[in-house]
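Just so we're on the same page: letters track the sequence lines, and every chain starts at 1.
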Protein chains: 2
Amino acid sequence: MEAPQHEERRTQVRGAKFRALVLDATIARIAEAGIDHVRFADVADKAGVHEASLYRRWKTVPRLLIDALLTRTQAEVPIPDTGSVRRDLKMFTTDLARFAQTPIGTALIRFTVASDNAPDIESSRREFWMQRLSAAEEIIERGKKRGEVDPGADARLVVLTLGGLIHLHVTHLGTGIPTTLPGQAVALILPGITPS
Amino acid sequence: MEAPQHEERRTQVRGAKFRALVLDATIARIAEAGIDHVRFADVADKAGVHEASLYRRWKTVPRLLIDALLTRTQAEVPIPDTGSVRRDLKMFTTDLARFAQTPIGTALIRFTVASDNAPDIESSRREFWMQRLSAAEEIIERGKKRGEVDPGADARLVVLTLGGLIHLHVTHLGTGIPTTLPGQAVALILPGITPS
DNA sequence: TCTCCATCGCAAAAAAACTTGCGATATGAG
DNA sequence: CTCATATCGCAAGTTTTTTTGCGATGGAGA
């Protein structure tokens with residue numbers, strides 16, 4: 001029932017190829033078992049690699065997870081630019097919702113929340129999200145230039161509000177995010193940032 | 001360096017008293033070491049109780065945590081009723097922010113997000129939050145009756161939005177929540193639910 | 001008060017997680 | 001192409017976590 005899920009390999013693999021192999025196996029393991037059930041032993045088996053090598057290279061499971069998630073999650077949520085703040089925000093929220101509901105997206109959200117004392121992991125997570133949030137703030141900034149948005153509006157607050165909503169839905173409601181939610185959320189917030 | 005932190009007890013304790021002792025020790029342990037560093041061994045020592053008893057009664061650490069957090073966290077965030085939706089929402093958000101920043105509040109938020117496959121835990125967590133959120137929706141409903149809020153406004157959406165914002169702040173920004181945030185957040189949302 | 005029994009402490013043992021020494025081999029530098 | 005070296009597989013060992021059998025006891029009910 002737990003047959004090795006890798007093809008037999010005669011030669012030893014190491015370096016970049018080794019890393020890629022392990023990272024892919026990690027992502028696959030996250031997707032199939034959930035981020036809380038990823039163990040070095042499983043990943044090693046799936047990657048056709050030895051467990052001890054994982055201990056040596058990544059030292060701890062959280063380190064492996066953050067490495068895999070961050071390097072395998074580039075630009076999953078694009079920043080739209082349609083010329084309309086409403087459309088942009090709705091698209092952004094919709095894309096975010098879709099990604100948040102994939103196994104990897106859920107894992108990323110859950111993992112980002114899980115506290116961990118290792119400072120390097122903590123900073124990696126923070127940098128990751130700050131980067132994403134700052135990118136999304138661009139939607140608001142463009143709206144300001146077009147006169148669609150009140151210049152005094154807090155771009156970060158808007159992004160955090162929408163992001164937090166999706167976040168809560170995924171983590172607490174568990175059930176799927178209604179397709180109408182992004183539109184409703186944007187409609188709720190938009191009047192608060194339109195020029196008076 | 002790790003001296004037993006409990007008073008010596010000659011007699012054996014069990015039943016409700018045993019449970020209370022362990023739950024208190026668990027809360028104390030969460031507060032002092034963070035929810036990720038709570039182990040049966042520590043809690044048992046602090047409670048002056050045997051580790052194996054914890055394994056038998058709660059089986060896993062997450063079960064103990066959810067039990068302790070839920071039974072020791074009653075009505076930490078009151079639902080205000082000042083006659084003004086703006087004031088009510090602001091007070092609610094402020095109280096939520098304050099609680100969210102206590103060690104127990106943070107633990108509760110973080111833990112609620114952490115995935116766990118045990119179905120009973122999952123449902124406990126969901127029920128807990130749904131109960132809190134539903135209570136907060138009352139603020140909006142009262143506003144509708146007073147004509148302050150558009151009857152078509154989605155009370156749950158409002159609550160989820162504010163809650164999600166605080167949630168995100170605690171989990172991602174790590175740093176303290178600015179005292180101005182609750183007011184800003186309410187100001188952002190209010191125009192979206194006022195009668196047109 | 002007395003008895004019964006579920007619950008607890010204790011200790012031993014099983015399982016899981018993590019570490020380490022050593023020989024082998026990719027891989028990159030010269 | 002050849003060599004030096006860091007990285008990997010392997011297996012044995014160590015530590016931490018979880019389980020279990022058994023005797024003891026507190027507490028509920030007769």
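- Taking only side-chain atoms of A/A52, from C-beta outward, the nucleotide of C/dC10, D/dA11, C/dT7 with the closest atom is D/dA11.
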| task | For salt bridge (charged side-chain N to carboxylate O under 4.0 Å, His left out), just list the numbers for B/R132 and B/E127, CA-CA rounded to whole Å, side-chain angles, deciding distance to a tenth of an Å, and then say yes or no. | result | CA-CA 9 Å; B/R132 301 299 160 106; B/E127 185 184 348; over 6 Å; no

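- The CZ atom of A/R56 sits 9 Å away from the P atom of D/dG9 (whole-angstrom rounding).
- Screening A/L190, A/L162, A/V186 for a side chain to side chain contact (heavy atoms under 4.5 Å, CB included) with A/K90, the sole residue that qualifies is A/V186.
- Nucleic acid contact for B/R39: sugar-phosphate only, since backbone atoms but no base atoms lie under 4.0 Å from a heavy atom of the residue.
- Counting to the nearest Å, the C1' atom of D/dG9 and the NZ atom of A/K17 are 18 Å from each other.
- For the residue pair B/R14 / B/S53, no side-chain donor-acceptor distance below 3.5 Å is found, with atom types taken as modelled.
- Between B/W58 atom CH2 and D/dT18 atom P the separation is 15 Å, expressed in whole Å.
- One atom, NE2 of A/H50, and another, P of C/dG21, lie 16 Å apart when rounded to the nearest Å.
- Taking the screw axis at each terminus of the helix from C/dT1-D/dA30 to C/dG30-D/dC1 from five consecutive base pairs, the angle between the two is 40° to within rounding of 10 degrees.
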| request: Tell me, with the steps shown, if B/D67 and B/R72 meet salt bridge (charged side-chain N to carboxylate O under 4.0 Å, His left out). | output: CA-CA 8 Å; B/D67 195 1; B/R72 289 281 184 282; over 6 Å; no

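- For the atom pair A/F111 CZ and A/D36 CG, the distance stands at 10.0 Å (nearest 0.5 Å).
- Set against D/dA11, C/dA24, C/dC8, the side chain of A/R14 has C/dA24 as its closest nucleotide.
- With ring centers used as reference points, A/H172 lies under 6.0 Å from B/H167.
- Distance B/K59 NZ to D/dT18 P: 11 Å, rounded to the nearest Å.
- When each of C/dG9, D/dT17, C/dG21 is scored by its nearest atom to the side-chain atoms of B/Y55, the top-ranked nucleotide is D/dT17.
- Following rounding to the nearest Å, B/D42 (CG) and D/dT16 (C1') show an atom-to-atom distance of 12 Å.
- Between B/R57 atom CZ and D/dT18 atom C1' there is a gap of 19 Å when expressed in whole angstrom units.
- At a threshold of 4.0 angstrom between heavy atoms, the contacts of A/F40 with the nucleic acid are absent.
- Following rounding to the nearest Å, B/E51 (CD) and D/dT16 (P) show an atom-to-atom distance of 12 Å.
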| task | Show the numbers, then the answer: is there a salt bridge (charged side-chain N to carboxylate O under 4.0 Å, His left out) between A/E141 and A/K145? | result | CA-CA 7 Å; A/E141 299 303 337; A/K145 284 176 187 160; over 6 Å; no

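- Considering only side-chain atoms of A/Q12, the nucleotide from C/dG9, D/dC8, C/dT19 that sits closest is D/dC8.
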